[in-house]
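Below: the structure, in structure tokens.
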There are 2 protein chains.
Amino acid sequence: MSLDKRKVKILKAIIASYIDNAEAVGSRTISKKYELGVSPATIRNEMSDLEEMGFLVQPHASAGRIPTDKAYRYYVDDLWKKVQDPSNTNLDQLRNIIEDKSNELDSVFKNSVRILSQFTKYTSFIVAPQLKQSVIKRIQLVPITDTKLLLLIILQNNIVKQVTFRMSSPIPFDQMDKISAALSEKLYGYKLEDIDSIKDSLIEQLYHVREHSNDSLMELLPYLMDQISKLEEINVYSDGITNILDLPEYNDVVKAREFISFVEDKSSLAKLLQFVGENDLAISIGHENQYEALRDCSLITATYKFNGKLIGKIGVIGPTRMDYSKVISTVKSMSEAMNEIINQNFDDENKE
Amino acid sequence: MSLDKRKVKILKAIIASYIDNAEAVGSRTISKKYELGVSPATIRNEMSDLEEMGFLVQPHASAGRIPTDKAYRYYVDDLWKKVQDPSNTNLDQLRNIIEDKSNELDSVFKNSVRILSQFTKYTSFIVAPQLKQSVIKRIQLVPITDTKLLLLIILQNNIVKQVTFRMSSPIPFDQMDKISAALSEKLYGYKLEDIDSIKDSLIEQLYHVREHSNDSLMELLPYLMDQISKLEEINVYSDGITNILDLPEYNDVVKAREFISFVEDKSSLAKLLQFVGENDLAISIGHENQYEALRDCSLITATYKFNGKLIGKIGVIGPTRMDYSKVISTVKSMSEAMNEIINQNFDDENKE
DNA sequence: ATTAGCACTCGACAGTGACGAGTGCTAACA
DNA sequence: TGTTAGCACTCGTCACTGTCGAGTGCTAAT
């Protein structure tokens, strides 16, 4: 038995209808709503074949049929061939919305993840870049009060991280620049992830230049190093989690609760995203997901890059019965918009 | 008919039982679970009186009774007299948890609101201080690249705000301090909320010192002023919103959805908190709330201060059937812990 | 190969009666 | 006079039942 043209037509019609309604679809519905030119009886025979082939299941004997994960997979693969390059008409629009005037990366992510969930009506999330691979370019100390200091860590990619801290005794303002320079010199070129392992030797080296500084700063060095090495934590943004409450398949509070608990846990989201490969766009349907809590969900993910290197991922989680074509094109457009904005606002110094 | 001692005892027993179970409580239950030394029949008579007095209602004829808002109000007022000063045994503990090593106010709020919802199991939130009343102490420009600058606004209370921006042409590094000084001098002493109204005259004044600077910075001045005046936006932190999914009264997804939609909207939360007065601790029960969506909820709020001046509020929203004594003492302890941390880490310069 | 017809299946839904938790009333009692 | 046992009454819950209808599979006719 093979998937002839008519079977494909019927299968697509069933999937389309089920995506719309979340209700098991019967032969009559198909023959009425979609003009296939055949009677319900014929459709019934075809549906029976499709069930045998594993594309459909019946929830119970007298009900219509619903698509299986296999059906969605077929549907998506087919979609894929056609909309390989969906007309990203809204790309400019998207970029304008998520472009944050304040130039803060943080806001870009917050905006993006919000837009993503508003457009798709599903749960969406963004894994922010891990900074551990980033290289330190410069350190700048800024006095706030005579005992309170702001330490700015300027990375090669021009992202700025900061640590605030207090000293037990005041540092004269006029030594700030000297100390900043000393710190910059010693830390220049190191990756954030390296700091932790070499901090002891760094502290010792810095200790030898303490004529510039004073003892209270020296006391704080271990603490500062700790803070710096902590900056590499994985950061996951999410939004639209409670959208699933609007879906009929989550009418049951217990089921909704289970889903929400899963996606509210940033570390499980981060792990989830680690599994999906490094493809520009990946789709994982139902049982293809590793996690039990997402057995009835599909996951559409994309990557975003900085100078051609993958630095983070974005994704949308919805029911397997999701509007794939809309979600796929939204995710794709969003990843492209983020690429543009990030690469435009956080250039490496490629002049050097 | 008056609230004699026995009626009070029975009322409290009923409230306690209902807080525990969320199930209408009958005379038998009371006489069994709480040792009052009287028979169910007697309790029935008393309950009938309590109903007439408006403290109890029957959901339907053959059910037990449940407390009204009036009952909770009585209960809370009574509680109030006794636990005016609950032993804040966990204050130190709390302070340790929410004290953020990084000295970031943002993290303090994030930690606090998380702890608040974890302790109470209800939705909790914090209205962050509005900075519009804060006075500018100093401006510091920090170069990131030759065209990208970080503008640090250091406020009198030692909170630091930042704006990142790009210039169309490079500024020499060695002019940074001069420009910073000029900006500091002109903006010193202004409140953030004033900037917007006087920015035109400020720009003009700064224009006259442009010998220190260059034209591209001048072009950006209006933009900078806009950014600065935008810093005053109200910021609301919230956490534990989805905890209500665990409550039996929100077993209905539609009802849960309604509640969640309300509290996810930060602006409605902010408005809600504006209504409650400036008391150190305020309790608003059921119909006492302004908003329809909170008609079945109680709201416990407290304030936190900086140098004795109210700067923000914290709160917990739960069902009217909440464990008031626990929530009240948690909210109270939390507000005290926040007071301590904020006043300790963000001192005004009281030496001047 | 397609389709009309028909018997069959099974979930949804409304109606029914037993059950039980809880009440209010009354009469007896301390 | 306050308390309590007893009892009739109310009403929601639950299990059960029968009807309805959507949908199927099979068969025979086209």
Side-chain angles (χ1 to χ4, degrees), chain A residues 1-11 13-15 17-18 20-68 71 248-249 251-252, chain B residues 1-11 13-15 17-18 20-68 71 248-249 251-252:
Chain A
M1 197 155 27
S2 74
L3 261 189
D4 57 54
K5 271 202 165 178
R6 196 171 63 186
K7 280 197 177 58
V8 169
K9 252 186 173 171
I10 291 174
L11 180 57
I14 292 172
I15 294 175
S17 168
Y18 189 68
D20 226 42
N21 292 330
E23 273 168 19
V25 20
S27 55
R28 182 104 57 99
T29 318
I30 293 298
S31 92
K32 251 191 283 179
K33 264 186 18 188
Y34 306 82
E35 295 150 2
L36 298 174
V38 288
S39 79
T42 310
I43 294 176
R44 277 206 289 284
N45 289 329
E46 299 284 38
M47 284 167 85
S48 179
D49 289 350
L50 286 168
E51 179 164 10
E52 209 176 314
M53 294 163 79
F55 288 108
L56 299 175
V57 280
Q58 262 183 304
H60 57 261
S62 78
R65 288 177 166 92
I66 61 176
T68 60
E249 36 266 85
N251 241 337
D252 179 25
Chain B
M1 193 156 29
S2 73
L3 261 190
D4 57 51
K5 272 204 164 176
R6 196 172 61 186
K7 280 196 176 57
V8 170
K9 252 186 174 171
I10 290 174
L11 181 57
I14 291 172
I15 294 175
S17 168
Y18 189 68
D20 226 42
N21 292 330
E23 275 168 18
V25 22
S27 55
R28 182 104 57 98
T29 318
I30 293 297
S31 93
K32 251 191 283 178
K33 264 187 17 189
Y34 305 82
E35 295 150 1
L36 299 174
V38 287
S39 80
T42 308
I43 294 176
R44 278 205 289 283
N45 288 329
E46 298 284 39
M47 283 167 87
S48 179
D49 290 349
L50 286 168
E51 178 164 11
E52 208 176 315
M53 295 163 79
F55 289 109
L56 298 177
V57 280
Q58 261 183 303
H60 56 261
S62 77
R65 287 176 168 93
I66 60 175
T68 61
E249 38 267 83
N251 241 336
D252 178 26

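These figures come from a predicted structure and were not determined experimentally. Within every chain, numbering begins at 1; the chains are lettered A, B, ... in the order of the sequence lines, protein sequences first and strands thereafter.
- Thr42(B) comes within 4.0 angstrom of a nucleotide base, judged by non-hydrogen atoms across all strands.
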I'd like to know whether Arg65(B) forms a side chain to side chain contact (heavy atoms under 4.5 Å, CB included) with Val57(B), so could you lay out the CA-CA distance, the side-chain angles of the two residues, the decisive distance to 0.1 Å, and finally the verdict.
CA-CA 5 Å; Arg65(B) 287 176 168 93; Val57(B) 280; over 6 Å; no
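- Between Met47(A) and Ile43(A) there is a side-chain heavy-atom pair separated by less than 4.5 Å.
- DNA chain D is contacted by both Pro59(B) and Arg6(B); Arg6(B) maps to the nucleotide lying nearer its 5′ end (nearest heavy atom per residue).
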Would you tabulate the side-chain donor-acceptor contacts of residues 24-31 of chain B under 3.5 Å, counting partners in other chains and residues two or more places apart, or write 'none'?
residue	atom	partner	partner atom	Å
Ser27(B)	OG	Arg44(B)	NH1	3.3
Ser31(B)	OG	Arg28(B)	O	3.4

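- Whole-Å rounding puts the Glu46(B) CD to dG2(D) P distance at 11 Å.
- Looking at every heavy atom in both residues, Pro67(B) comes nearest to Leu56(B) through CA-CD2, 3.9 Å.
- Within the 3.5 Å criterion, the main-chain N or O of Ala63(A) finds a donor-acceptor partner in the side chain of Gln58(A).
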Heteroatom pairs (N/O) under 3.5 angstrom, protein to nucleotides 22-30 of chain D:
residue	atom	partner	partner atom	Å
dG23(D)	O4'	Ser62(A)	O	3.3
dT24(D)	OP2	Ser27(A)	N	3.2
dT24(D)	OP2	Ser27(A)	OG	2.7
dG25(D)	OP1	Arg65(A)	NH2	2.6
dG25(D)	N7	Arg44(A)	NE	3.1
dG25(D)	O6	Arg44(A)	NH2	3.1

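- The side chain to side chain donor-acceptor pair (under 3.5 Å) search around Glu23(B) returns none, not counting sequence neighbours.
- Atoms CD1 (Ile43(A)) and P (dA1(C)) sit 18 Å apart, rounded to a whole Å.
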